[in-house]
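Numbers restart at 1 for each chain; the letters A, B, ... are given by sequence-line order, proteins then strands.
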2 protein chains.
Amino acid sequence: MNVNFAERAHNHNWKLDPIVRSLLDTDFYKLLMLQFIWKNFPQVHVTSEVVNRTVSVKLAERVGAAALIEQMEHVRGLRFRKSEMVWLAGNSFYGTRSIFEPKFLEWLERDFRLSGYEVMEQDGQLVLRFSGLWTEVTMWEIYALAIVSELKTRSALAELSELELDILYARAKTRLWDKIELLRGVDDLELSDFGTRRRHSFLWQEYVVEALRAGLGDRLKGTSNTALAYKHDLEAMGTNAHELPMALAAMATSDEELRASQYKVLELWQQSYGGALLVMLPDTFGTTQFLEGAPDWVADWTGQRVDSKDPMAAGDEYIAWLMRRGRDARGKRLIASDGLDAEDIVRLVAYFRGRIRFSAGWGTLLTNDFRGCHPRGEDTLEPISLVCKLMTVEGRPAVKLSDNARKSTGPAEEIARYRRVFGSVAVEGALVVV
Amino acid sequence: MNVNFAERAHNHNWKLDPIVRSLLDTDFYKLLMLQFIWKNFPQVHVTSEVVNRTVSVKLAERVGAAALIEQMEHVRGLRFRKSEMVWLAGNSFYGTRSIFEPKFLEWLERDFRLSGYEVMEQDGQLVLRFSGLWTEVTMWEIYALAIVSELKTRSALAELSELELDILYARAKTRLWDKIELLRGVDDLELSDFGTRRRHSFLWQEYVVEALRAGLGDRLKGTSNTALAYKHDLEAMGTNAHELPMALAAMATSDEELRASQYKVLELWQQSYGGALLVMLPDTFGTTQFLEGAPDWVADWTGQRVDSKDPMAAGDEYIAWLMRRGRDARGKRLIASDGLDAEDIVRLVAYFRGRIRFSAGWGTLLTNDFRGCHPRGEDTLEPISLVCKLMTVEGRPAVKLSDNARKSTGPAEEIARYRRVFGSVAVEGALVVV
């Protein structure tokens with residue numbers, strides 16, 4: 001009776017349903033790291049690669065290279081919009097104004113570009129390789145991961161009828177709300193959405209973040225997704241990642257320089273951001289050796305993020321270390337971000353209550369938990385462990401040891417050399433779920 | 001960008017969101033009984049009442065009389081549409097053509113009217129009373145129950161935010177699909193939707209029926225809802241209800257006539273519908289006495305519906321009775337319709353497999369199972385036990401004993417007289433859930 005002719009015609013003719021709709025649709029720490037790289041390493045060349053750690057899932061059978069390239073080219077065609085630039089310049093992040101320098105923002109608006117890339121197929125896996133200036137390569141990480149993740153989602157959704165899709169989302173929403181009800185009971189909860197990279201889809205991440213806010217109020221501290229923070233007046237969360245210590249380590253020319261590089265990163269970061277954003281990520285080459293060998297000023301940093309060690313063990317270790325260094329742990333932050341689910345978060349809040357300011361960075365099991373939701377019982381919508389890792393820096397291999405040997409990256413002989421230099425032992429850690 | 005101005009303006013201005021959109025939106029057996037009454041008792045006057053058996057729920061606090069009257073008047077203004085009449089005349093029901101006589105259909109289209117009614121409030125309960133010719137009163141039953149049920153739903157929904165509504169329906173859909181998955185495993189399942197009267201809403205009943213068809217294929221035998229059968233090309237299911245034996249009993253002028261009336265109904269029914277639709281409902285005054293005293297031709301009927309006795313006990317009793325009467329139960333039908341849920345259905349199919357042709361008439365727990373789905377944990381969306389019962393026939397009280405004393409209706413002294421006449425004992429049956 002009341003047909004919307006324009007909408008109907010448009011819906012039957014659109015060219016692309018974009019996955020990344022804005023350059024802000026990335027983790028906030030990528031922008032902080034981009035400014036850091038732009039400032040300190042504007043001429044360094046790197047390569048990086050998207051890798052699927054869940055080898056049992058043959059990604060190339062689900063995600064077509066043509067669709068992938070179409071989405072990647074769409075991102076390359078995006079520019080920061082005026083209103084987005086105004087927001088980046090005028091907003092306070094972590095209570096600090098003008099975190100981005102005017103010159104950086106000028107460059108971001110005018111000169112920022114994404115590097116070229118290659119798409120290949122190997123053993124049923126998609127390989128996506130980026131190379132160019134570090135400033136051009138680094139931002140690909142989140143865009144590329146989110147694109148691959150959502151294309152995988154779409155290929156699974158395409159098999160389902162309208163009713164089956166309805167059931168699927170009903171189940172996922174039921175699951176989500178059950179988690180929120182569990183977390184509602186925890187008064188001193190602090191959590192953030194860290195789930196951009198492996199999300200089911202952009203719209204699902206947005207739904208999840210809005211549900212969290214409605215259900216948890218200000219116990220939701222923010223989201224790592226800059227576009228969602230902008231759109232929904234949330235705090236943009238995150239500081240830095242393994243990429244930085246890995247790159248500085250790769251550029252080191254001696255074993256001494258290599259060992260020192262992990263603290264050199266912190267020094268440079270502190271210079272770049274003053275007293276703000278001082279959250280360290282000590283597990284790149286093993287947390288224990290990092291803490292033991294750290295100069296005393298490292299204990300003045302605001303906190304640490306735990307990304308590969310058992311969070312309870314890592315928190316205990318950090319608290320004991322702070323005590324030995326004469327610092328009060330109760331003023332420090334401990335952020336867990338490795339494969340958390342709601343039950344883990346409840347346990348961790350209770351475990352650290354009164355000892356350290358714990359907060360949860362909730363990732364894939366927040367934004368892509370469709371386990372058991374498929375209406376035909378298939379596993380095509382379960383999350384996989386997709387990562388984008390730095391491969392080389394100025395032609396030299398990049399390495400991560402991590403506290404969990406399953407998460408280490410780099411050529412075997414380099415991993416061995418790093419282990420020798422850092423004195424880290426290979427700890428076979430927990431199975432990597434996501 | 002692309003605002004549908006017409007739709008927006010319409011949505012902000014509509015007068016009524018009707019609950020009953022068509023006179024076909026009723027249980028099919030009401031139409032069969034209407035023809036029966038039109039044919040055999042066109043001048044009889046009756047009264048009937050909507051009663052809420054769940055006294056803990058104060059209906060008047062949730063459902064406003066004005067909204068109720070508005071919906072009732074909407075139904076009174078409806079007429080059978082031409083295409084609906086063509087369908088009633090031309091469709092086969094239970095494999096039989098022309099089940100409705102041309103003269104009846106003519107009357108239905110031209111002269112059918114709904115009686116007047118009173119709306120009152122007593123002890124926090126809504127009382128809805130109908131009086132008039134039986135042909136004018138009888139059809140109110142389903143329209144009125146569905147209206148009260150959906151108005152109660154709407155008052156609960158009005159408390160919820162958009163996100164909470166989304167969670168609510170996600171949970172209800174998850175529940176529904178879990179039930180369907182359970183039933184999918186039962187190959188020789190036969191079930192029908194019997195959930196019109198106490199449904200959550202018309203649209204939810206429609207969703208449920210479509211989901212059942214998608215999930216169970218032709219194991220869904222049909223729906224009692226004539227409008228849904230018409231719209232979705234399903235079989236319209238149902239034959240007759242307690243209303244008929246209750247009315248004939250009320251009209252009996254002696255104890256002998258009273259005792260005989262329960263078989264007189266069957267005789268008249270058989271005359272009206274020939275060999276078709278021969279499903280009896282023996283529990284009106286107690287199943288056991290009904291079967292024991294039945295003339296031999298009653299054992300030739302196609303089957304029975306079990307509406308108040310434990311279905312296993314009732315089925316066993318029926319099978320044993322058929323055997324004593326020299327009939328093969330394997331050719332007969334047993335239809336259970338009292339408060340069934342999916343697990344009950346699975347158990348009953350297994351119990352009667354190979355013994356009798358069992359099928360389930362799935363009612364309120366199909367079309368209104370929102371138990372535990374409320375996003376704030378409230379019980380406002382849980383189904384209640386709403387019934388519409390015949391109160392008087394030609395000024396004499398109408399009585400039902402039932403196999404479950406909790407379901408008996410009528411004045412206490414009349415119930416006592418009926419018990420004496422029928423020799424039925426009061427059996428305190430299962431708690432009435434819905």
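- Your options are B:K173, B:E210, B:E164, B:R171, and the one with the most heavy-atom pairs under 4.5 Å with chain A is B:R171.
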**OP:** List the steps and the verdict of side-chain contact (heavy atoms from CB on, under 4.5 Å) for B:R197 and B:L386.
**Re:** CA-CA 8 Å; B:R197 67 190 62 203; B:L386 269 184; over 6 Å; no

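- Comparing B:S161, B:A211, B:A172 by how many heavy-atom pairs each has under 4.5 Å with chain A, the most go to B:A211.
- Closest approach of A:R62 to A:T380, counting heavy atoms only: NH1-O, 3.3 Å.
- Residue A:R213 does not touch chain B at all, counting heavy-atom pairs closer than 4.5 Å.
- Looking only at atom types and distance, the side chain of B:E84 has a donor-acceptor partner in the side chain of B:S22 under 3.5 Å away.
- Below 30°, between 30° and 60°, or above 60°: for B:H200 and B:F370 the angle between ring planes is below 30°, a parallel geometry.
- Without hydrogens or angle criteria, B:S224 side chain to B:D27 main chain gives no donor-acceptor distance under 3.5 Å.
- Contact annotation for B:R184: only side-chain heavy atoms (C-beta onward) come within less than 4.5 Å of a heavy atom of chain A.
- Looking at A:E181, the atoms closer than 4.5 Å to chain B (heavy atoms on both sides) all sit in the side chain, from C-beta outward.
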